[in-house]
Number of protein chains: 2
Amino acid sequence: MDVVALEKSPSLSDQALERLTELIIRGDIKPGARIQEAVLARQLGISRGPLREAIRRLEGRGLLVRIPHVGVRVASPTVEEIIDLYMIREVLEGLACRLAAERLTDEELKRLRDVLFDHSAHEDVKSGTGYYQSPGDQDFHFQIIEGSRQVRLIETLLGDLYQVLRFFRYRSSINPGRAKAAFDEHVSILEALERRDGEAAERLMREHLQHARMSIQETVDVGAAPPDA
Amino acid sequence: MDVVALEKSPSLSDQALERLTELIIRGDIKPGARIQEAVLARQLGISRGPLREAIRRLEGRGLLVRIPHVGVRVASPTVEEIIDLYMIREVLEGLACRLAAERLTDEELKRLRDVLFDHSAHEDVKSGTGYYQSPGDQDFHFQIIEGSRQVRLIETLLGDLYQVLRFFRYRSSINPGRAKAAFDEHVSILEALERRDGEAAERLMREHLQHARMSIQETVDVGAAPPDA
DNA sequence: CACGAGTAATCTGTCAACAATTGACACCTT
DNA sequence: AAGGTGTCAATTGTTGACAGATTACTCGTG
């Protein structure tokens with residue numbers, strides 16, 4: 001409901017939510033960094049009230065962590081917590097994929113196929129680096145999730161989880177071999193969707209994300225973010 | 001993070017969150033009912049600021065719905081939306097169950113077994129009505145979820161989803177046959193856990209919740225809540 | 001020189017007043 | 001009489017100021 005109905009809500013709290021999310025995801029505010037309400041409010045040109053409401057929502061989303069009477073910081077999750085998030089994404093997006101297999105229209109399937117092969121043609125994939133987590137990858141997953149037609153699920157995945165993951169995917173999976181594999185897995189998923197085979201689609205999506213997760217777990221070289229700013 | 005760390009945070013916003021949640025879940029404020037900030041703030045003995053923060057969090061949790069410049073209402077989901085929630089619970093708790101199979105200590109398994117058979121002995125189950133959604137049922141699921149040792153998952157399930165579902169499970173599954181079946185399914189799940197068979201545990205839990213979901217879908221006689229108060 | 005008590009500064013938590021928007025009612029026009 | 005228009009009350013959205021708590025600093029002392 002947030003990310004979808006945001007456009008028609010010019011309330012300062014909503015704007016603050018949007019801009020603050022962007023600040024965090026773009027890395028302008030680093031993980032672990034403290035947020036001073038008064039300072040940030042002044043930067044955003046609003047007062048503390050609406051900002052606090054936005055912060056509270058971001059808290060619930062897990063992007064911010066508050067210590068009572070001390071302050072709020074941008075979350076700086078451990079590698080394990082990121083892995084945990086991926087596990088959740090795994091089952092949730094698996095569900096979305098199963099539903100999508102039953103509910104995607106033929107036109108949407110066609111579009112999905114286009115997205116997949118357009119992107120495969122003109123870049124990235126064979127050069128190895130960069131397919132995974134590219135716009136093309138994003139689009140593919142986005143369209144499947146939205147194809148689930150499950151509002152709550154879409155909100156949770158796109159509105160909450162993806163925001164957090166977008167933020168935390170450091171330079172995950174620069175792994176060159178992974179790119180090709182990921183693309184192939186996408187193809188398999190698409191085929192299952194086209195067969196309207198929900199069971200297979202769910203299983204394949206889960207495996208796909210599981211592989212992505214393991215790929216991340218391998219590239220655990222970058223330490224956690226600096227605890228202070 | 002909410003439901004677990006609430007005890008040590010006597011901030012008015014936290015208290016408001018707690019009390020308001022309780023008011024909604026207990027049905028003191030009915031689905032679809034309008035919430036007037038000033039009135040509710042006075043009732044709670046606080047000012048509108050902290051209350052608004054609490055409301056914003058409940059919004060994110062899906063218990064409240066806001067129409068800009070008009071007001072917030074208690075959500076009154078359709079049956080389909082409740083079914084959707086159950087689907088999400090299905091995969092999430094399936095994941096929790098798989099993790100629990102690997103991570104529960106032997107002591108916890110023993111305790112789980114006790115919970116199951118204690119409750120089976122002294123009430124409900126054979127009399128038919130009332131096991132499903134009884135404290136015993138709750139405990140069983142709670143302990144498994146917490147046994148997953150996955151903070152984020154626990155928060156999502158216990159802090160968010162269960163709150164919402166507790167609220168929306170009208171008088172679901174008064175279905176007498178269901179009670180016995182539910183208990184048997186619990187036993188099967190427990191056995192899988194004791195075998196440390198995560199795959200089976202996940203599958204059984206998903207089937208268990210799937211049955212519960214279908215049981216609800218059958219008892220779709222009670223219409224949606226009155227749209228106004 | 002290190003340590004601790006006391007104090008000051010800073011920031012969060014909270015409140016009450018102000019501004020802006022909405023919905024309803026009454027009134028006027030056709 | 002029906003429809004539109006303008007005004008008004010009520011409620012949400014926002015602000016700036018106050019109170020309480022925590023952290024950091026300073027000064028004195030062992």
Between atom [atom1] in [X] and atom [atom2] in [N], what is the gap in whole Å?
{"X": "B/H69", "N": "C/dA19", "atom1": "NE2", "atom2": "P", "result": "16 Å"}
{"X": "B/Q15", "N": "C/dC15", "atom1": "CD", "atom2": "P", "result": "10 Å"}
{"X": "B/I67", "N": "D/dT11", "atom1": "CD1", "atom2": "C1'", "result": "13 Å"}
{"X": "A/E53", "N": "C/dT14", "atom1": "CD", "atom2": "C1'", "result": "14 Å"}
{"X": "B/R56", "N": "D/dT14", "atom1": "CZ", "atom2": "C1'", "result": "12 Å"}
{"X": "B/R42", "N": "D/dT12", "atom1": "CZ", "atom2": "P", "result": "12 Å"}
{"X": "A/I55", "N": "C/dG13", "atom1": "CD1", "atom2": "P", "result": "9 Å"}
{"X": "A/I35", "N": "C/dT10", "atom1": "CD1", "atom2": "C1'", "result": "17 Å"}

Is it true that [X] and [Y] make a salt bridge, defined as a side-chain N closer than 4.0 Å to a carboxylate O?
{"X": "B/E80", "Y": "A/R149", "answer": "no"}
{"X": "B/R213", "Y": "B/E93", "answer": "no"}
{"X": "B/D84", "Y": "A/R152", "answer": "no"}
{"X": "B/E37", "Y": "B/R66", "answer": "yes"}
{"X": "B/E155", "Y": "A/R61", "answer": "no"}

The side chain of [X] lies closest to which of these nucleotides: [options]?
{"X": "B/R52", "options": "D/dT15, C/dG13, D/dG13", "result": "D/dG13"}
{"X": "B/E37", "options": "C/dT14, D/dG13, D/dG16", "result": "D/dG13"}
{"X": "A/L12", "options": "D/dT14, C/dC15, D/dG13", "result": "D/dT14"}
{"X": "A/R34", "options": "C/dC15, D/dT15, C/dC11", "result": "C/dC11"}
{"X": "B/R66", "options": "D/dG13, D/dT14, D/dT12", "result": "D/dG13"}
{"X": "A/Q36", "options": "C/dT14, C/dC11, D/dT15", "result": "C/dC11"}

What contact category does [X] fall into here, base, sugar-phosphate, or nothing, at under 4.0 angstrom with non-hydrogen atoms?
{"X": "B/P50", "result": "sugar-phosphate"}
{"X": "A/L51", "result": "nothing"}
{"X": "B/G49", "result": "nothing"}

Between A/V72 and B/S47, the residue closer to the 5' end of DNA chain C by nearest nucleotide is A/V72

Could you say whether B/V70 or A/G45 is positioned toward the 5' end of DNA chain D, judged by the nucleotide with the nearest heavy atom to each?
B/V70

Side-chain N or O of B/R48 closer than 4.0 Å to phosphate OP1/OP2 of C/dT14
no

